[in-house]
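Everything numeric here is computed off the predicted structure, so don't read it as measured data. Note: hydrogens, waters and symmetry copies are ignored here, and every other heavy atom, side chains too, is used. To find a chain, count down the sequence lines: A is the first, B the second, and so on, and within it residues start at 1.
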There are 2 protein chains.
Amino acid sequence: MVYPHNVPEETAADVLRRHGQRVTDARVAVWETLAGTDEHLTAESVAKRVAVMDPSINLASVYRSLALFEEIGEVRQSHLGPDRTAYWEVGHPDEHFHLVCRNCGTVDHHRGTLVRQIMDHLQGKEHGFVPERVELTVTGLCPNCVGVTGSDHPHH
Amino acid sequence: MVYPHNVPEETAADVLRRHGQRVTDARVAVWETLAGTDEHLTAESVAKRVAVMDPSINLASVYRSLALFEEIGEVRQSHLGPDRTAYWEVGHPDEHFHLVCRNCGTVDHHRGTLVRQIMDHLQGKEHGFVPERVELTVTGLCPNCVGVTGSDHPHH
DNA sequence: CTCCTTGCAAACCGTTTGCAATCGA
DNA sequence: TCGATTGCAAACGGTTTGCAAGGAG
């Protein structure tokens, strides 16, 4: 079940130029890394994959590229889990949310109408609050871990 | 609109003993701080308020107390905003979510059936995923900031 | 009396930044 | 050409941890 990309045909250079940004090796490598997977990656793991294409690209440039893509709205950062690490993914056109297994750590994407419904719900009810972004993360046990684990503590 | 506490009558000592934990000054102070407000506090601000009651209590002990209360399920940690700072609050019986204003930073709690609905939605649809915790954070513009700010960038 | 908890200070770790060199347009 | 971008290394900031002293049960 591979996650289709934003605009599969569009290259990194296209994306950058569309936003009036310079096309550099670091940015291209970061974009290709993120666009080429359906996983959520930490900056570190993006850097690791980028290093395979071009070992001369520095971690700092990866961070700067990620920040750039986020600013222009092509990439999203989420804070899954209780750790303070950020996870990155290309910004999908469809709203979606995350199911995180507290046992095996697997992160599942789920698209559908739920996030839209939440937006609508707020539009009507919250006197004047203008929702822009909904971040919904559900923690629990994935099908694989339900039977295996007791109902208790994960890491002890 | 003050947020009513979990079990208003229960003292810090009660809570701790109920979980078989030792009653110490640091823990009592941290509990009273968190139970005495409807705000979300960072560890640092908890420490600041704790210091008023007892200046001898160390930041590290505040962190350890927060971790303890979280482990026993009496306190919750959320990652609001894009920074990696954690925000703490007592664990409310009613599910709720957060409305964060991207302009002024205000965090609003909202209780209601939304979170419950999400849980139910998942129970039925997600073949076997067992939801345990729903973290829903909506970023946008609060009523006060809607008119004031253009539709663009917050901090530039 | 025993083990748990604390204060302190140093370590951690993901992320950011200043700077001179380099690169893209 | 010339400002934007990079690599490098050092700084940052919230959080964690090792250890000896102090405190709860």
Between B:H19 and B:E74, a side-chain donor and acceptor under 3.5 Å:
yes
Within this structure, what is the CG-to-P distance between B:N58 and C:dG7, rounded to whole angstrom?
5 Å
For the residue pair B:F69 and B:W31, categorise the inter-ring angle as parallel (less than 30°), tilted (30 to 60°) or perpendicular (more than 60°).
tilted
Can you measure A:L66 atom CG to C:dG14 atom P for me and round it to whole angstrom units?
15 Å
Classify the nucleic acid contact of B:Q77 as base, sugar-phosphate or nothing, counting any heavy atom under 4.0 Å across all strands shown.
nothing
Do the charged groups of A:R49 and A:E44 touch, with an N to O distance under 4.0 Å?
no
Using 30° and 60° as the class limits, which term best fits the ring planes of B:H109 and B:H98: parallel, tilted or perpendicular?
perpendicular
Across all chains, not counting sequence neighbours, the side chain to side chain donor-acceptor pair (under 3.5 Å) partners of B:R64 are none
C:dT22 C1' sits how many Å from A:R64 CZ, rounded?
13 Å
Just checking A:A43: base, sugar-phosphate only, or nothing, at a heavy-atom cut-off of under 4.0 Å?
sugar-phosphate
Whole-Å distance separating the CD atom of A:E44 from the P atom of C:dC12
16 Å
Apply the test side chain to side chain contact (heavy atoms under 4.5 Å, CB included) to residues A:T33 and A:M53: give CA-CA distance (whole Å), side-chain angles for both, the deciding distance (0.1 Å), then the verdict.
CA-CA 10 Å; A:T33 299; A:M53 314 182 194; 3.4 Å; yes
Answer with yes or no whether the side chains of A:D14 and A:T11 bring together a donor and an acceptor at under 3.5 Å.
yes
Residue pair A:H96, A:V115: steps toward the side chain to side chain contact (heavy atoms under 4.5 Å, CB included) verdict
CA-CA 6 Å; A:H96 68 290; A:V115 171; 5.9 Å; no
Where chain B begins and ends its contact with DNA chain D, read 5' to 3' at 4.0 Å from heavy atoms
D:dG14 to D:dG25
Nearest-Å distance, CG (B:D25) to C1' (C:dC4)?
14 Å
Interatomic distance where CZ belongs to B:R27 and C1' belongs to C:dT6 [whole Å]
10 Å
Residue closer to the 5' end of DNA chain C, B:R22 versus B:V62 (nearest nucleotide)
B:R22
Lys/Arg N to Asp/Glu carboxylate O, A:E70 vs A:R76, below 4.0 Å:
no
B:V23 or A:R84: which one's nearest nucleotide on DNA chain D is closer to the 5' end?
A:R84
Let me know the distance between CD of A:E70 and C1' of C:dT16, rounded to the nearest Å.
14 Å
Under 4.0 Å between a side-chain N/O of A:Y63 and OP1 or OP2 of C:dT16, yes or no?
no
When all nucleic acid strands are considered with a 4.0 Å heavy-atom cut-off, which category describes B:S56: base, sugar-phosphate, or nothing?
sugar-phosphate
Single-linkage hydrophobic cluster, 4.5 Å side-chain cutoff, B:V100 and B:L136 together
no
Work out how much the helix from C:dC12-D:dG14 to C:dA25-D:dT1 bends between its end axes, five pairs an end, to the nearest 10 degrees.
30°
Toward the 5' end of DNA chain D, by each residue's nearest nucleotide, B:A86 or B:Q21:
B:A86
Looking for any heavy atom pair under 4.0 Å, which part of the strands does B:A60 touch: base, sugar-phosphate only, or nothing?
base
